[in-house]
Amino acid sequence: MAASAPEPLQIIIATSNPGKVRDFSVLLGTDFPEAQFVGTEVIGGMPEVDETGTTFEANARLKAEAVWQLTQAKGGYAVMADDSGLAVDYLGGAPGVYSARYAGVGASDGENRDKLLDALQEVPVDQRSARFVCNLCLILPEGQLHQFEAYCEGTIANKARGENGFGYDPVFIGEGMTETFGECSPQEKAQRSHRAKAVGLLRDFLSQQVG
Ligand code: IMP
């Protein structure tokens with residue numbers, strides 16, 4: 001009897017943010033033989049997680065651990081969670097881990113962007129440097145934990161431009177670009193984003209581990 005191919009690792013993407021799900025599905029595509037990515041619907045949805053950490057690394061870990069606990073009844077799943085945000089040098093790294101709630105808990109993306117543009121009003125272009133940060137936390141089915149962090153350098157525009165992406169994309173101009181991420185196609189963003197680079201690190205790790 002022919003030996004059957006090894007089962008790909010099933011990895012739950014631990015997020016309920018539709019913008020991130022879209023980004024991840026472009027990044028992960030179908031060309032990822034080592035792993036199969038599934039949503040949190042397999043465990044009944046994303047649980048509420050208090051992001052009490054002061055670093056992206058700590059918050060990614062909190063989210064991954066909360067989902068991993070829920071997989072224990074079923075077993076066999078790995079979990080991947082990300083924590084990400086925008087760090088602006090002129091603001092001492094703010095909004096940082098508070099990116100999603102910069103203008104207050106429950107603030108919309110537009111309100112967060114407006115607060116950022118207000119905080120940088122009058123600030124000249126050479127002092128508007130910033131980076132997106134993405135920390136990915138992977139927990140394997142047996143509980144082994146690995147974290148990967150990546151950055152995307154850029155500057156903050158004077159006003160929001162473009163309808164694509166989510167969050168701060170319409171005010172973020174990637175290094176060497178003239179358009180904002182809000183004006184880029186998802187594929188253009190995927191070539192350079194912090195999330196793309198962190199997924200690249202995860203891919204390298206998985207192909208060594210599982211391949
Ligand atoms: P998290 O869900 O706690 O990781 O919050 C991430 C927040 O950072 C999002 O709500 C956005 O405001 C911002 N953010 C993270 N990644 C991106 C991105 O790729 N584009 C635009 N904003 C982002």
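Only heavy atoms go into these numbers, but all of them, side chains included; no hydrogens, no water, no symmetry mates. Worth saying up front: this structure is predicted, and the values here are computed from it rather than measured.
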Under the 4.5 Å side-chain heavy-atom rule for ILVMFWY, direct or indirect, which residues accompany Trp68?
Ile12, Val38, Val42, Ile43, Met46, Val49, Leu62, Val67, Leu70, Tyr77, Val79, Ile139, Leu145

Report the residues that fulfil salt bridge (charged side-chain N to carboxylate O under 4.0 Å, His left out) with Arg128, sequence neighbours left out, ordered by chain and then residue number.
none

Just to verify, what does Gln69 make a side-chain contact (heavy atoms from CB on, under 4.5 Å) with, not counting sequence neighbours?
none

Working to the nearest 0.5 Å, report the span between CD1 of Ile156 and OH of Tyr168.
9.0 Å

Partners meeting salt bridge (charged side-chain N to carboxylate O under 4.0 Å, His left out) with Asp89 (sequence neighbours left out):
Arg131

Qualifying side-chain hydrogen bond (donor to acceptor under 3.5 Å, both in side chains) pairs with a residue from residues 135-147, counting only residues at least two apart or across chains
Asn135-Gln147, Asn135-Glu149

Across all chains, not counting sequence neighbours, the ring-ring contact (aromatic ring centres under 6.0 Å, His included) partners of Phe132 are Phe172, His194

Excluding sequence neighbours, so at least two apart, what forms side-chain contact (heavy atoms from CB on, under 4.5 Å) with Gln127?
Tyr90, Val123, Pro124

Suppose we screen for side-chain hydrogen bond (donor to acceptor under 3.5 Å, both in side chains). Which residues come up paired with Arg192, at least two apart in sequence or across chains?
none

Pairing residues for Phe166 by the side-chain contact (heavy atoms from CB on, under 4.5 Å) criterion, not counting sequence neighbours:
Asn17, Lys20, Asp23, Asp109, Asp169, Lys189, Arg195

Any residue meeting side-chain contact (heavy atoms from CB on, under 4.5 Å) with Pro186, in chain and number order, not counting sequence neighbours:
Val26

Set of residues satisfying salt bridge (charged side-chain N to carboxylate O under 4.0 Å, His left out) with respect to Glu57, sequence neighbours excluded:
none

List the residues meeting salt bridge (charged side-chain N to carboxylate O under 4.0 Å, His left out) with Asp83, not counting sequence neighbours, and say none if there are none.
Lys63

Could you tell me which non-hydrogen atom of Pro47 sits nearest to which non-hydrogen atom of Ala66, and how far apart they are?
CG-CB, 4.4 Å

Evaluate the side-chain proximity of Met177 to Glu188: yes if any heavy-atom separation is below 4.5 Å, no if none is.
no

